[in-house]
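Data first, discussion second: the structure below is written as structure tokens.
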Amino acid sequence: MKDITVILPIHEFVDDTAKWLKMSVNSVNVQIEKPEKLIIVFDPKIEANIKASLTDEETSNIKDIIQYLPNTTGEYDFCSQMNFAASNV
């Protein structure tokens, strides 16, 4: 499906973040109609944790649509993350 972008904001990386991130990406992965983009927006300090949490196997079917987007505004609350990602679509 075109003209659909999924934005996944991550404001901190704690114990359960990897589990929820995998579940969220898998939810996109199993959709019959894939979005045009899956934007994962985050605090740049946690970029390594996010990328390490997702294996090639988990992202193989959607690796071409995943965009990792470090938020450079310094504001990592939900609304700021969503606005930053939306301005980069």
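In this structure, the separation between OH on Y76 and CD on E12 is 13.0 Å, given to the nearest 0.5 Å. The line from CD1 of I62 to CG of N29 is 4.5 Å long, rounded to the nearest 0.5 Å. Summarising the geometry, atom CH2 belonging to W20 is positioned 4.5 Å from atom CE belonging to M23; distances are rounded to the nearest 0.5 Å. D64 contributes atom CG, which lies 12.0 Å from atom CG of L38 (distance to the nearest 0.5 angstrom). To the nearest 0.5 angstrom, I10 atom CD1 is 7.0 Å from T17 atom OG1.
Considering only residues two or more places apart in sequence or on other chains, Q67 meets the side-chain contact (heavy atoms from CB on, under 4.5 Å) condition with K37, I39, L69.
Nearest heavy atom pair, residue I7 against residue A85, reads CG2-CB, 3.5 Å. In terms of heavy atoms, T73 sits closest to F84 at CG2-CD1, 3.6 Å. Taking both residues in full, the closest heavy atoms of P35 and I4 are given as CB-O, 3.4 Å, listed atom of the first, atom of the second, then distance. For V30 against S27, the heavy-atom pair with the smallest separation is CG2-O, 3.5 Å. The shortest non-hydrogen separation linking Q31 to K34 is O-NZ, 2.6 Å.
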Exercise answer: donor-acceptor pairs, residues 41-55 side-chain atoms, under 3.5 Å, sequence neighbours excluded:
from: D43; atom 1: OD1; to: K45; atom 2: N; distance (Å): 3.0
from: E47; atom 1: OE2; to: K51; atom 2: NZ; distance (Å): 2.9
from: S53; atom 1: OG; to: N49; atom 2: O; distance (Å): 2.7
from: T55; atom 1: OG1; to: E58; atom 2: N; distance (Å): 3.1
from: T55; atom 1: OG1; to: E58; atom 2: OE1; distance (Å): 3.2

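Hydrophobic clustering (side-chain heavy atoms under 4.5 Å, transitive across Ile, Leu, Val, Met, Phe, Trp, Tyr) groups I65 together with I40.
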Check the pair L8, L21 against side chain to side chain contact (heavy atoms under 4.5 Å, CB included), reporting the backbone distance first and the verdict last. CA-CA 9 Å; L8 179 57; L21 176 59; 3.6 Å; yes

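For the pair D16 (side chain) and K19 (backbone), a donor-acceptor distance under 3.5 Å is absent. Side-chain atoms of N83 come within 3.5 Å of backbone atoms of C79 as a donor-acceptor pair (strictly under, hydrogens ignored). Not one N or O on the side chain of E36 forms a donor-acceptor pair closer than 3.5 Å with the backbone of T5.
Counting heavy-atom neighbours within 6.0 Å of D56 CG, excluding the residue itself, gives a total of 12 or less.
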